[in-house]
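Written below as C-alpha coordinates is the structure these notes are about.
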Amino acid sequence: MEDTPTAIAAATRELLEHLMTENALSAHEIVSATFTVTPDLRAAFPARAARDLGWREVPLLCATEIGVPGALPRCIRVLLHVEPGIPRTGIRHVYLRDARTLRPELGYS
(Lines give C-alpha, C1' and ligand atoms only; values in the text may rest on other atoms or scores of the structure.)
Protein backbone atom coordinates (compact mmCIF):
# COMPACT_ATOMS: atom_id res chain seq x y z
CA MET A 1 0.00 0.00 0.00
CA GLU A 2 1.23 3.47 -0.81
CA ASP A 3 1.32 6.25 1.74
CA THR A 4 -1.37 8.32 0.03
CA PRO A 5 -4.78 9.47 1.28
CA THR A 6 -6.48 7.39 -1.42
CA ALA A 7 -4.60 4.18 -0.57
CA ILE A 8 -5.09 4.59 3.18
CA ALA A 9 -8.81 5.25 2.72
CA ALA A 10 -9.23 2.24 0.42
CA ALA A 11 -7.37 -0.13 2.75
CA THR A 12 -9.30 1.14 5.77
CA ARG A 13 -12.63 0.72 3.98
CA GLU A 14 -11.65 -2.80 2.94
CA LEU A 15 -10.77 -3.72 6.53
CA LEU A 16 -13.92 -2.19 8.02
CA GLU A 17 -16.22 -3.69 5.41
CA HIS A 18 -14.75 -7.16 6.04
CA LEU A 19 -15.13 -6.73 9.80
CA MET A 20 -18.73 -5.59 9.44
CA THR A 21 -19.64 -8.38 7.02
CA GLU A 22 -17.84 -11.21 8.81
CA ASN A 23 -19.46 -10.26 12.13
CA ALA A 24 -22.85 -9.16 10.76
CA LEU A 25 -22.37 -5.78 12.44
CA SER A 26 -24.18 -2.55 11.73
CA ALA A 27 -22.88 0.93 12.50
CA HIS A 28 -25.23 1.34 15.49
CA GLU A 29 -23.47 -1.59 17.23
CA ILE A 30 -20.09 0.17 17.10
CA VAL A 31 -19.40 1.89 20.44
CA SER A 32 -16.00 3.31 19.46
CA ALA A 33 -12.94 2.51 17.38
CA THR A 34 -9.21 3.00 17.80
CA PHE A 35 -7.10 2.95 14.66
CA THR A 36 -3.34 2.58 14.59
CA VAL A 37 -0.96 2.89 11.68
CA THR A 38 2.69 2.04 11.35
CA PRO A 39 5.03 5.06 11.37
CA ASP A 40 5.45 4.87 7.58
CA LEU A 41 1.79 5.84 7.00
CA ARG A 42 1.28 9.56 7.55
CA ALA A 43 -0.74 10.81 4.57
CA ALA A 44 -4.22 10.45 6.10
CA PHE A 45 -6.23 9.45 9.14
CA PRO A 46 -7.91 6.03 8.82
CA ALA A 47 -10.82 7.43 10.83
CA ARG A 48 -11.73 9.58 7.83
CA ALA A 49 -12.63 6.44 5.88
CA ALA A 50 -14.88 5.31 8.74
CA ARG A 51 -16.65 8.67 8.66
CA ASP A 52 -17.09 8.28 4.90
CA LEU A 53 -18.74 4.89 5.57
CA GLY A 54 -21.32 6.64 7.75
CA TRP A 55 -19.79 6.24 11.19
CA ARG A 56 -20.80 9.79 12.10
CA GLU A 57 -21.79 9.19 15.75
CA VAL A 58 -18.98 6.78 16.62
CA PRO A 59 -16.02 8.15 18.62
CA LEU A 60 -12.85 7.44 16.62
CA LEU A 61 -9.19 7.74 17.59
CA CYS A 62 -6.03 7.40 15.50
CA ALA A 63 -2.53 6.66 16.82
CA THR A 64 0.85 5.57 15.55
CA GLU A 65 2.26 2.13 16.34
CA ILE A 66 5.66 1.77 17.97
CA GLY A 67 8.38 1.73 15.29
CA VAL A 68 9.83 -1.71 16.09
CA PRO A 69 12.63 -2.76 13.73
CA GLY A 70 11.51 -5.59 11.45
CA ALA A 71 7.81 -5.05 12.13
CA LEU A 72 5.27 -5.37 9.33
CA PRO A 73 5.36 -2.10 7.35
CA ARG A 74 2.40 -0.07 6.06
CA CYS A 75 -0.13 -1.66 8.37
CA ILE A 76 -3.47 -0.28 9.53
CA ARG A 77 -5.07 -1.82 12.60
CA VAL A 78 -8.41 -1.17 14.24
CA LEU A 79 -9.73 -2.13 17.65
CA LEU A 80 -13.52 -2.00 17.60
CA HIS A 81 -15.56 -1.74 20.76
CA VAL A 82 -18.94 -3.21 19.90
CA GLU A 83 -22.25 -4.31 21.35
CA PRO A 84 -22.77 -7.31 19.08
CA GLY A 85 -25.87 -9.40 18.91
CA ILE A 86 -23.71 -12.55 18.93
CA PRO A 87 -21.66 -14.28 21.65
CA ARG A 88 -18.02 -13.29 21.97
CA THR A 89 -16.98 -16.74 20.73
CA GLY A 90 -18.73 -15.98 17.43
CA ILE A 91 -16.70 -12.84 16.70
CA ARG A 92 -14.40 -13.15 13.69
CA HIS A 93 -11.15 -11.23 13.72
CA VAL A 94 -10.03 -9.93 10.33
CA TYR A 95 -6.44 -9.82 9.11
CA LEU A 96 -6.00 -8.91 5.44
CA ARG A 97 -3.10 -8.91 3.02
CA ASP A 98 0.31 -9.26 4.71
CA ALA A 99 -1.27 -8.76 8.15
CA ARG A 100 -2.51 -12.36 7.96
CA THR A 101 0.98 -13.38 9.08
CA LEU A 102 0.54 -11.54 12.39
CA ARG A 103 -2.18 -13.78 13.86
CA PRO A 104 -2.95 -16.65 11.48
CA GLU A 105 -4.89 -18.48 14.19
CA LEU A 106 -7.39 -15.60 14.47
CA GLY A 107 -7.50 -14.24 10.99
CA TYR A 108 -9.82 -14.04 8.11
CA SER A 109 -8.45 -15.99 5.19
Side-chain angles (χ1 to χ4, degrees):
M1 166 189 10
E2 297 177 11
D3 183 24
T4 66
T6 301
I8 290 170
T12 303
R13 275 192 308 274
E14 178 185 9
L15 177 59
L16 295 178
E17 288 170 352
H18 273 89
L19 279 165
M20 301 294 283
T21 300
E22 288 296 313
N23 292 289
L25 292 171
S26 61
H28 75 274
E29 293 173 297
I30 308 297
V31 176
S32 63
T34 302
F35 294 90
T36 63
V37 295
T38 50
D40 50 5
L41 294 176
R42 301 182 313 209
F45 294 110
R48 176 60 194 234
R51 293 274 181 250
D52 292 344
L53 286 174
W55 297 20
R56 304 247 182 259
E57 297 179 16
V58 178
L60 304 172
L61 176 69
C62 294
T64 305
E65 290 279 339
I66 299 167
V68 176
L72 183 66
R74 300 187 186 276
C75 187
I76 299 169
R77 293 177 173 91
V78 62
L79 176 63
L80 294 182
H81 304 96
V82 301
E83 292 181 2
I86 60 172
R88 184 180 299 185
T89 56
I91 294 175
R92 298 227 15 204
H93 300 276
V94 175
Y95 289 78
L96 302 175
R97 303 180 190 179
D98 291 342
R100 291 177 181 166
T101 63
L102 298 173
R103 296 293 303 268
E105 75 281 10
L106 295 179
Y108 173 84
S109 47

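Note that the numbering runs from 1 along the sequence shown for the chain.
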task = Taking atom CD of E2 as the centre, report whether more than 12 heavy atoms of other residues, nucleotides or ligands fall under 6.0 Å from it.
result = no
inquiry  = With side chain to side chain contact (heavy atoms under 4.5 Å, CB included) as the criterion, how do D40 and D3 come out once you've worked through the C-alpha distance, each side chain's angles and the decisive distance to 0.1 Å?
reply    = CA-CA 7 Å; D40 50 5; D3 183 24; over 6 Å; no
Any I30 side-chain heavy atom under 4.5 Å of M20 side chain = yes
task = Taking the side chain as every heavy atom from C-beta outward, state whether L25 and L19 have any pair of such atoms under 4.5 Å apart.
result = no
task = Quick one: closest heavy-atom pair of L80 and A33, and the distance?
result = CD2-CB, 3.6 Å
ask   = Closest heavy-atom contact between P39 and G67?
value = CG-CA, 3.8 Å
inquiry  = Hydrogens and angles aside, do E65 and T36 bring a side-chain donor and acceptor to less than 3.5 Å of each other?
reply    = yes
Same apolar cluster: [X] and [Y], side chain cutoff 4.5 Å:
X	Y	value
F45	V37	no
L60	V82	yes
F35	L15	yes

Which donor-acceptor pairs under 3.5 Å do side chains of residues 49-59 form with protein atoms, sequence neighbours excluded?
residue : atom : partner : partner atom : Å
R51     : NH1  : W55     : O            : 2.3
R51     : NH1  : V58     : O            : 2.9
R51     : NH2  : V58     : O            : 3.2
D52     : OD1  : R48     : NE           : 3.3
R56     : NH1  : R51     : O            : 2.9

remark   = One should read off an interatomic distance between T34 OG1 and L79 CG, to the nearest 0.5 angstrom, of 5.5 Å
Exam field: side chain T38 to backbone C75, donor-acceptor pair closer than 3.5 Å = yes
task = For side chain to side chain contact (heavy atoms under 4.5 Å, CB included), just list the numbers for I76 and M1, CA-CA rounded to whole Å, side-chain angles, deciding distance to a tenth of an Å, and then say yes or no.
result = CA-CA 10 Å; I76 299 169; M1 166 189 10; 4.0 Å; yes
